[in-house]
K.L.:
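There's a structure below that I have some questions on.
All chains are named by letter (A, B, ...) in the order of the sequence lines, taking the proteins before the strands, and each is independently numbered beginning at 1. Values below: every heavy atom of this structure, side chains too, minus hydrogens, waters and symmetry copies.
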Protein chains: 2
Amino acid sequence: MTETASPRRRARGGGAARRAERSAVVIETARFIERNIPNFEVLNDDALDIILNNAEKVLEEIGVNFPDNPSALEKWAAAGANIDGDRVRIPRGLARKLISTAPAKFTQHARNPEKSVEIGGNTMVLAPVYGPPFIRDQDGGRRYATIDDFQKLVKLTYMSKWLHHSGGTVCEPTDIAVNKRHLDMLYAHMKYSDKPFMGSVTAPERAQDSVNMCNILFGEEFVQNNTVMTSLINVNSPMVFDDIMMGAMEVYAENNQACILSPFIVGGAMAPVSVAGTLTQVMAEALAGVAYNQLCRAGAPVIMGAFVTSIDMNSGAPTFGTPEASKILYGAGQLARKLGLPFRSGGGLCGSKLPDAQAAYETANTLNAALLGGVNFCLHAAGWLEGGLVASPEKLVMDADQLGVLHSIAKGIDMSEEAQAMGAIEEVGPGGHYLGCAHTQANFKNAFWRSNVLDYRPYETWAEDGEKDTFTLANARVKQLLADYQQPPLDPAIDAALVDYIETRKASEKDAFG
Amino acid sequence: MTETASPRRRARGGGAARRAERSAVVIETARFIERNIPNFEVLNDDALDIILNNAEKVLEEIGVNFPDNPSALEKWAAAGANIDGDRVRIPRGLARKLISTAPAKFTQHARNPEKSVEIGGNTMVLAPVYGPPFIRDQDGGRRYATIDDFQKLVKLTYMSKWLHHSGGTVCEPTDIAVNKRHLDMLYAHMKYSDKPFMGSVTAPERAQDSVNMCNILFGEEFVQNNTVMTSLINVNSPMVFDDIMMGAMEVYAENNQACILSPFIVGGAMAPVSVAGTLTQVMAEALAGVAYNQLCRAGAPVIMGAFVTSIDMNSGAPTFGTPEASKILYGAGQLARKLGLPFRSGGGLCGSKLPDAQAAYETANTLNAALLGGVNFCLHAAGWLEGGLVASPEKLVMDADQLGVLHSIAKGIDMSEEAQAMGAIEEVGPGGHYLGCAHTQANFKNAFWRSNVLDYRPYETWAEDGEKDTFTLANARVKQLLADYQQPPLDPAIDAALVDYIETRKASEKDAFG
């Protein structure tokens, strides 16, 4: 949208007219979800105790590996763990004692304070897809992603009412050297959006770059006293904490920035083929990882993650939206709540190569489980295709639309007298019609969630318009949103300082690829 | 599948070889779902009391209409209701007293006893789409449905492992006269399937035909003592019980056959625009309808239904898979359980014209809510398109595949020692791989739900094979299933008697259309 109305013209019609003028594009972001509904719980107390007990037994008797990381081993030894080579065996009770300093809830600040989010308790924060090296859209098909694709995904996320968070590696900008692209990715989140974002985790020095750039954007003192990044630290399951990921986590924890400590598991390959066994391993890994995070800095914000899917035993491919994945999500959510930790899981996960029915079944299964299972930070909530190999702008707007459904369910049922509508039932009576009654007229505008993508027109109208499927409808919406995009204002001095930092850092390194 | 192996050849390889030979088609039907997970509840006790109290107030002060049905008014008057023209006002407490004779759970018998189903308590029975006048498939597009389409849908439902019930009007066979098609529909369910089915409700005499044909199929004494049909009685919302539907229900109740008493509501048009108001109306209608059912025959099996969707305020079209529909489903399920009635709701509902991503999002939202909301009888669980105007064979096999997901979630989490898999975690250890370990080898075959439709192959393999989307994959599966279909054996004497009954009845009536 270009701003064509002059201030004088805009003043004439009053507030309502001004709002109408601006209605071509409304950049509105919903507040993060606060659930007014219960969590869905599949495990009873006995089952939770068995899994926690088994996880502590795994930590004590089998242990976990911290390879190539002598300082981590030193911290563990000082805390009372038994060290044997890279292996860390954690006596029963120690990990649970260490994680007790982790906050149950924290605020991640955005540069626009209205878009800061709370993570933990009854909240749910929605962030887009993370990590795909490929992009697919209807116009260009499937290809390696570039920084141009990255910026488009950041803009689409910024424009979405239902995505609260700009995410991190929304796709891999493969046209930029591996050791430099994190700078351009961070800059895109900082410049093209004002929502909260994630930092780089692919090397400790890139985590430090992320902190340094946030110091420029937010001010150094603010960063030291507040959380301005939430970054994704995967466990190399089963039970290996590699030195690169741990090195990035150490930087973030020392700077009081949040990490998601996430077992990344394809069940049957990287964990037992059973749900209970996988939950035990998830719990052992999360306990060890969160405990180490707190060893780096007691009180640092940290999220317990569980990215768990299952394997197709025919092809060896990971599968998504399966019942096993939902059950693990529900169970892991219960375990996180029992430990008092914010919980990350779910997303719009799917294995499909196209944004077709398979993608949507799998995505909806995962998103519904994430809402009801008590997920606090939902990465990959929109735009994910093909097991995470591909990001899709059309899928992003399709999924983002469905995230509105989650917001509404989370509100629960309004039981006010107005909502009870006894007057309407009396007014209309048997055989009547509610469309024209006073209660409907007063309430219809906000009564129902409305889709911005799906087609509700009668068959004939839709057929005359070319029988468009959801992929095609979403393609049109992507183009409209990108045409309407306007950059949120950024202080030019800050912008210049960021550009200067990036140029200096890039000049100091040779390009590295692969 | 044609049986090509000679008995001698089959005997050679032992059990495993025989199983492999037969594996081209396995006609296996899962037992109806018995939930080992809790129900999801969004209303607290106070909210449930408010809605029940409001519903009784509606019945007492506003009342419901039973037009053109003097015998119904007589029954109501005798029971203590206040009659004013067609209007029946039901004093507080009367409806709840009358419904107390309805069974909380009943068995519907199939002609194959292994496929009989229990409806109520913690069970969930899945039945296909009901009612569409149109059919859409990938080969022929959208067109009026015929008896040939009807038979194909019955066969596909029979072949599905996850559909427990053959349903009723899986599509309208529009090539047969309105007053005769119910005979051909019933015959198709009886001959081409051995799963339980539904009777005709479009006229009281067609309900009687349904009973008479069941007398031939099951024997008259068996029918009088057992439930062999579950039939769909819609309320003409708001609060009108039309004489045709009630006439059919009277026939069924008097013959001890089950009815689903179902408010059919597009919220905002046929009920208040609010969730709490709609639940109140659903409850008032269900109380009045189930109470009338019990007035016709105390103890007759009856299901409380809630088919509720919302309206798109732009187009006036009904919408599906919306958050409002899910909330109403969850709330109505709680109300049914509070009253001790089996509950019908949900399904694979969608508004999309194609079996695309929109259809799948909407369908998955509805199916997940149906499972977690405690639905006992789930009509429209597979094959529904375009707001119920269209039945689709491809959508039927796509949805039926997803119903397998529900079966697995309903089982809950196995907490046996074998499932805890502590030996596997110890055997594999940090950095190891589970694919080859003893626990995986012993358990992988039954560990994960497997799709028969979705594509998990790597991108390259899938691309070489023509980049097929879900619709196209499902089209191939439909053709394979129909090619493999084999009719379940039916006593030729019974078959002949059914054909004779149908011919006699058809000869006695002139064709009526529309």
K.L.:
Salt-bridge test for Arg457(B) and Asp465(B): reply yes if a basic N is under 4.0 Å from a carboxylate O, no otherwise.
P.N.:
yes
K.L.:
Looking only at atom types and distance, does a side-chain atom of Gln441(B) sit under 3.5 Å from a main-chain N or O of Leu435(B), one as donor and one as acceptor?
P.N.:
yes
K.L.:
Test side-chain hydrogen bond (donor to acceptor under 3.5 Å, both in side chains) on Ser237(B) and Glu285(B); report intermediate values, then the result.
P.N.:
CA-CA 8 Å; Ser237(B) 301; Glu285(B) 292 176 352; 2.8 Å; yes
K.L.:
Could you tell me which portion of Trp449(B) (side chain, backbone, both or neither) has an atom closer than 4.5 angstrom to a non-hydrogen atom of chain A?
P.N.:
both
K.L.:
Name the option with the most non-hydrogen atom pairs under 4.5 Å to chain B; the candidates are Asn44(A), Asn365(A), Ile37(A).
P.N.:
Asn365(A)
K.L.:
Relative to chain B, which segment of Asp414(A) carries a heavy atom at a distance below 4.5 Å: side chain, backbone, both, or neither?
P.N.:
backbone
K.L.:
Please look at Ile425(A) and chain B and tell me whether the side chain, the backbone, both or neither of the residue comes under 4.5 angstrom of a heavy atom of that chain.
P.N.:
both
K.L.:
Salt-bridged, Glu394(B) to Arg136(B), with N to O below 4.0 Å?
P.N.:
no
K.L.:
May I ask you to decide if the ring planes of Phe40(A) and Phe40(B) are parallel, tilted or perpendicular, using 30° and 60° as cut-offs?
P.N.:
perpendicular
K.L.:
For residues 424-435 of chain B, which residue pairs pass the side-chain hydrogen bond (donor to acceptor under 3.5 Å, both in side chains) check, not counting sequence neighbours?
P.N.:
Gln281(A)-Tyr434(B)
K.L.:
Sort Met270(B) into side chain, backbone, both or neither according to what part of it lies under 4.5 angstrom from a heavy atom of chain A.
P.N.:
backbone
K.L.:
Where on Gln420(B) is there a heavy atom nearer than 4.5 Å to chain A: the side chain, the backbone, both, or neither?
P.N.:
both
K.L.:
For Ile50(B), is it the side chain, the backbone, both or neither that has a heavy atom under 4.5 Å from a heavy atom of chain A?
P.N.:
side chain
K.L.:
Pick one of side chain, backbone, both or neither for Phe471(B), based on which atoms fall under 4.5 Å of a heavy atom in chain A.
P.N.:
neither
K.L.:
Considering only heavy atoms, which portion of Ser326(B) lies under 4.5 Å from any heavy atom of chain A: side chain, backbone, both, or neither?
P.N.:
side chain
K.L.:
Taking atom types as modelled, is there a side-chain donor on Lys57(A) or Thr280(A) under 3.5 Å from an acceptor on the other?
P.N.:
no
K.L.:
Go through the atoms of Val64(B) and report whether side chain, backbone, both or neither lie under 4.5 Å from a heavy atom of chain A.
P.N.:
backbone
